[in-house]
Every structure is written in C-alpha cells, then in structure tokens.
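Atoms considered below: every heavy atom in the structure, side chains included; atoms not considered: hydrogens, waters and symmetry mates. Just so we're on the same page: letters track the sequence lines, and every chain starts at 1. Just so we're clear, the structure is a prediction, and the values are computed from it rather than from any experiment.
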Amino acid sequence: MTLAGSREGRQILSAPEGGQPRRKLLGRSFPDGVKARRIATGTYLVMMLALLAFPIGLVVIASFQGGMEASIRSGNWSASAYRAVPPQYWESLWFSVMTAFWATVIALTIAIPAAWGLVRGNLRERHLVGTLMLLPDAVPSLTLGIALLALFVPLGLSNSFAGTVIALTAIGLSMGFRYAEALIEGIPEELEQAAVTMGASRVTALLTVILPLLAPGLAIAALFIFVHNLVTFELLLFISGPRATPISVQLFTDIVDRGVLPQAVAMSAVLVYVAIAFYTLIGTTVGARYLAGSTLSRRG
Amino acid sequence: MKQGRRLGHENGVEAYIRQGFGAASRKTAAEPVAGSQYVAGPHPQVKPPAAGQGWKDRLFYRAFTVPALLVATGTAIVPLAFLLYWSHVDQQTGEATFRYYAQALASPFFMRTLLTTIAMAVGVTGVSVALALPMAYVLARHTLLRNILVPVISVPRMLPFVVVGYAMVLLLAPYTGFANKVLMDAGILSEPLFMLFDWPGQALAFGYAGTVVAIAILTGVFMTVDPQLEDAAVTLGAGRLAAFLTVSLPLVLPGIVAASALIFSTIVTGYAIPVMLNSRPPYMVSVLIYNNLYSLQERHLAYAQTIIVTVLAIGVTTAAQRFLSRFGSRR
C-alpha cells in the first residue's frame, strides 16, 4: 500500500509544513467550493427523486380523489374509488395471490433438492443443467407466454388455475434454482458430513441440518419469487381468460376496453401499497443495503 | 442475478442470500474481494467434478435433480420447442415450410415495425442509462442516502407495467392529466399537449421504468469501485470529472452493458405499455404479433415473428455477455 493509500498517509499528505490542516483533502470531502457542489448535488438528487417518485405518487393521490384524475387544488378527498372496486377485482387479486403462492411453493420444493444434488454431488453436468434451468428466465416472457399458449390450447390448460400455476412455476423454478444454489454453496459441507459420520443418512442430514440453516435465506427468496409472480403480466396475458384473470391482466383489459376507471386506479394504488410493503419488509429484515445492485429482471 | 455472476461481483439480495449463512465459513473467506477483478469461467469455489465418486453416489445425487429437470423441460423447453417447430409448419396443410420467416422478413410493414422497435429500445436505453449514471454514482458514495433512497426509487420495479401505464395516463392525459392541467393553469400552454397515445408518451413510460432499473443496478456496480482509485487520480492532478471519466467509468462499463442489455430486451418484448400508451402506427413489434395471433388468425406467422424477436433479444444479451468476457479477460 502506498503512502497516499493509507489513512495515516492521507493525513500526512494533507497537512502541509505549517502544521495548519489544509481544507483540501484527498478523500471523499470536496476541495474548494464545497457548498456549491453540495447544493448542486442536493438539488440534483431531490429533482431525480421527485421525477421518479412523482408518477407513482400520482396514482395514490388520484385514488383518494375519486380516481379519475389527480389535482393539487381539489380538496375533495374521499375513498369513493376504493368503495367502487368491484368484487371481480378482488377475485382477480386473490387469484394472483393464490397462483403466485402455489407456484412459489412448487418451484422451491423442486429447486432445493436439485440444487443440493448438483452442488454436493459435484455432478459433471452441473453447468449444463444450470444453463437449462436458466433458460425460462433468459427467454423473454412474451415468447414463453406465446409458446405456452400454443401448447395449452390443445391440452385445455389455458384459461385455468392449473395452467397459470404451471406458467409461473416455469419462471419461478429458474429463480428458485439460482437462489437455492447460492444458498447451499454458502453452507459448509462439513456440517453435513459431521451428521453423516454420526450415523444420519444423507437425506436426514439434508432435512435436519441443511434445511434449518437455509430457512432465513429461503424465506427471502420465496418472498422475491412470490412478488415477482404476483406482478407477472406478459407471460400470463396469452393464457389468461375469463376463468383465470390475474390482477395485472384485469387492469390491462379494463383500460384497453373501457378507458381509465376509478376502481382500476384504486386497484393500482393497492398494488403500489403491496410494492411498498415488500420493500419495507426487505429493508427491515434484510437491510436496505442489499437492495442496490440487484439485477433481477422484471416480469411486469 | 445472471449479470451479477458474469461480472464477478454480486450485489443486492443475491449477495445477501449467498452470504446469509456462509459468511463465517472458510469457503466464502477464500472468495476474491467483490469487484476486484472479473472472474471468467466457473465460480472459483466450485470444485472440479469428482472423478473418483462411485456411480451409485452420482446416481443418488442425480435422482434429486430429476424432478427439476422434468418440470423445466415440461414447462419451458417443450413449449419453446413446439413454438419453433410450428413456426416451420404450414398452418393449413401441415407441411414443412420456411414461408412464414420469408413472409415476415420480406414484409416492409414488419421490418419497419421491427426497426422502429429497435430504434425506440436503443434510444430509451441510452437515455435511461445516461440519466441514471450520475444518480448511481452519488448513491454509491453516500451510504445513508443510498439506504433511504434506493428502496423508495425501486418501488416501480415491483409494479406491473400496467400500473406504470396508469401513472403515465394520470400524468400526461390531454385534458385530465396532471402535467397538462398545471401547464395550462400557469398559462404556459394554451392547448393541451397530446403526448400520450403517440410515441413520446410510450418512450417516457419506458424511459421511466428503464431509469429505475438502471439506477438500482448501477448503484451496486459503482459500489464495487474503490473510491481511492479516483482519489489517486485527483492527487496526480486530474480534475474530479476527468478522474470519474477516465478511472471509474471504464471500471463500471461491464455493469453498464449488462444493465443496457436487460433494459433493451424488456422494451423490445414489452406489450402493456405500447398498447396502453401508443395506439397508432408505427406499432411496436409485440403489438403486431398479438394482432397476428388473435385478430388475423395468422398463428404460425405470429410464431415465426416471435422467434425473430426472441433471437434479436437473446442475441443482444449474448453479444453483451461476449463483450463482457472479452473485456474482462483483457485486464
């Protein structure tokens, strides 16, 4: 490490001969014009934040002002838009929740043993299988949706609960496999081996040693997969129908057929609350610092 | 997540999940420092396949992967294979044919739509990454700001595009939209601006979603760049901006490419926003495919067009990956 790199080196370099601490430091503090730079950065941040949060805020505001439009002057706040939400919407939301839940459960149940087998068995085909499992994620949702439609129509699976769960499982499996693989790689094999040495079978070791250790990470992974399933749109658009309408498809068909409706704006606001609740939950349990840099692709 | 692994660093919830338990284990300690260098090829902690294992052992472990393989094959591989197959089969006669691909590629309307889509996607991707870069840089350097702002900014990431579309309608609609009302009340506009239901409204909605994604990803990438590198350049006489452009920016280039590929393929295959916010030609290619599929009953033509778009989207992602691995190995 060079002189300038170390903390002491910085202090030495930044203190000139006179002994007076110089204001210009090498680190993260700014040289001259500190105030101007701070103010510029602050203004920029506030503007970007306003631009990015504003449209979503508008949905929430409009949902409390009758649902057709948002204005700053009108004082007529009311929950009429929420009261206008028909049971059909709640059914769609419930349908989305149920399909997302079952798809998450199925995907993780299948993905964990597979990841365990591949990681612990050091199988030769690990790379190949990993690529295969990632395929549904790499292919655009639109393509997979159309492909599933082409297959589901002759099988009679389109426009059904089972079909929707199958479609969501396809995507959830590739997410779940990646998570499970990362999780199991993080657990030392020695723990398992210790259990096996003491007479447990490998399956018992998996169930009694590995699974409890996986649980916290698995809960977060499940939450991510669940919320992704909840907002999926393009994958489900083609195979949805009157008997199987996820909430995103319901909102979409309504705006296309009938224009902006108050109840649809209210339901959009409900989805905003779900997203906020999700981020609050992640922020408080996992820590906000893990939210930056996630490269999960979106499904909506 | 895929991109993160390719970059040799992991951030976000993927990092949490990987660290979750193993932070104390020896294996994780042996991992290279995040972002120190690009790690090409398999993950360093992956052991080579054990040659000495008995076939019974391997069979035991393989048995665990069978359900996942079956489900992945049934839910994704088989449908995609059928899509590919049917796009090569005549809809009426059932004979093998290439005419749907020829028809799609020879149709000026389809090609123009495809080019419009690509132009829209490239433009929006470029603008959103450019808008996100300074924000991501600032957020990466200020921990407190990052912990507060990133969750707030990321909310649209967990919303369906449909909700983003509703937000844009409420913002931009000609008479009832918020922006038009404010501008007309202030006397800046005498007539409402018809931005919505044409390509600018659509570009704005895509740009909004793209910027959100780009900020979240690039913040994570900037976090892996050591701020002392820039400090060193400043000590040697470079300006702050020059240091950023010549030191930090080249280091995050792989992250920028990965984020761009992600945004590009989302826009190319996006369906909700084009239909909600852009009802007149030139269409986006997804709208064309949907019309062929449902209104025109040209199913197999639609399949062929889907394959073309998919090849384009995956091609861009793969090219980005190639670029990344070459970029990584050169250093």
Side-chain angles (χ1 to χ4, degrees), chain A residues 4-5 26 48 52 55-56 58-59 62 69-70 110 113-114 117-118 121-122 124 133 135-136 140 142-143 146-148 150-151 166 169-170 173 178-179 182-183 186-188 213 217 227 231 233-234 248 251-252 255 260 268 271 275 278-279 283 286 288-295 297 300, chain B residues 1 3-4 11-13 16-18 20-22 25 47 49-50 61 64-65 67-68 71-72 75-76 79-80 82-83 135 138 146-147 150-163 166-167 169-171 176 178 217 219-220 228 231 235 262 265 269 271-272 276 286 306 310 313:
Chain A
L26 298 168
M48 283 297 280
L52 292 174
I56 297 301
L58 217 52
V59 173
E69 51 186 293
I110 299 170
L118 281 182
N122 263 320
R124 237 177 252 122
M133 303 287 275
L135 192 74
L142 186 84
T143 312
I146 292 176
L148 286 173
L151 195 68
I166 291 174
T169 307
L173 186 59
R178 273 294 169 212
Y179 284 137
L183 273 166
I187 291 179
L213 290 173
V227 175
V231 301
F233 172 76
E234 269 135 17
S248 52
L251 290 177
F252 175 78
I255 198 174
V260 178
S268 302
L271 289 180
F278 168 76
Y279 277 107
V286 179
R289 70 193 188 92
Y290 287 107
L291 284 175
S294 177
T295 45
S297 55
Chain B
M1 170 164 258
Q3 276 83 358
N11 255 308
V13 78
Y16 169 80
I17 283 179
R18 191 174 285 275
F21 176 80
S25 79
K47 288 179 285 182
Y61 285 116
F64 282 83
T65 64
V71 172
T75 56
L80 289 171
F82 267 107
L83 188 73
M135 182 85 175
V138 173
R146 183 173 67 239
N147 287 348
V150 167
V152 175
I153 290 172
S154 305
V155 166
R157 265 188 107 179
M158 282 296 172
L159 289 174
F161 260 127
V162 185
V163 176
Y166 272 96
V169 170
L170 290 170
L171 183 66
T176 54
F178 187 84
I217 296 179
T219 304
Q228 290 191 357
D231 294 342
T235 333
L262 193 66
S265 56
T269 58
Y271 181 72
M276 286 173 77
S286 54
T306 312
T310 311

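- Of all the heavy atoms in B:Phe64 and A:Pro113, the pair that sits closest is CB-O, 3.4 Å.
- Among the candidates A:Ser248, A:Pro136, A:Ala114, A:Pro140, the residue making the largest number of heavy-atom pairs closer than 4.5 Å to chain B is A:Ala114.
- In this structure, CG in B:Leu80 is found 11.0 Å from CD1 in A:Ile146, a value given to the nearest 0.5 Å.
- In this structure, the portion of A:Leu135 lying under 4.5 Å from any heavy atom of chain B is its side chain and not its backbone.
- For the pair B:Leu170 and A:Ala62, the tightest heavy-atom approach, listed with the atom from each and the gap, is CD1-CB, 3.7 Å.
- For a residue to count as touching a neighbouring chain, one of its non-hydrogen atoms must lie under 4.5 Å from one of that chain's; by this rule B:Ile153 touches chain A with the side chain only.
- For the atom pair B:Leu171 CG and A:Leu58 CG, the distance stands at 6.0 Å (nearest 0.5 Å).
- Considering all non-hydrogen atoms of both residues, B:Pro151 and A:Tyr279 come closest at O-CG, 4.1 Å.
- Within the 3.5 Å criterion, the main-chain N or O of A:Leu142 finds no donor-acceptor partner in the side chain of B:Tyr271.
- The shortest side-chain heavy-atom distance between A:Val231 and B:Val163 does not fall under the 4.5 Å cut-off.
- Comparing A:Leu118, A:Leu151, A:Ile166 by heavy-atom pairs within less than 4.5 Å of chain B, the highest count is held by A:Leu151.
- Here B:Thr310 pairs with A:Thr143 under the side chain to side chain donor-acceptor pair (under 3.5 Å) rule; sequence neighbours left out.
- With a 4.5 Å cut-off on side-chain heavy atoms, B:Pro160 and A:Leu251 do not count as touching.
- Comparing A:Ala275, A:Gly117, A:Ala147 by heavy-atom pairs within less than 4.5 Å of chain B, the highest count is held by A:Ala147.
- Scored by the side chain to side chain contact (heavy atoms under 4.5 Å, CB included) test, A:Val227 finds A:Phe278, B:Met158 as partners (sequence neighbours excluded).
- Note: A:Leu173 CG to B:Thr75 OG1 = 6.5 Å, rounded to the nearest 0.5 Å.
- Interface remark: B:Val169 contributes side-chain atoms only to the contact with chain A (heavy atom separation under 4.5 Å).
- Listed options B:Ala167, B:Ser286, B:Ser265, B:Pro79 were ranked by heavy-atom pairs under 4.5 angstrom with chain A; first place goes to B:Pro79.
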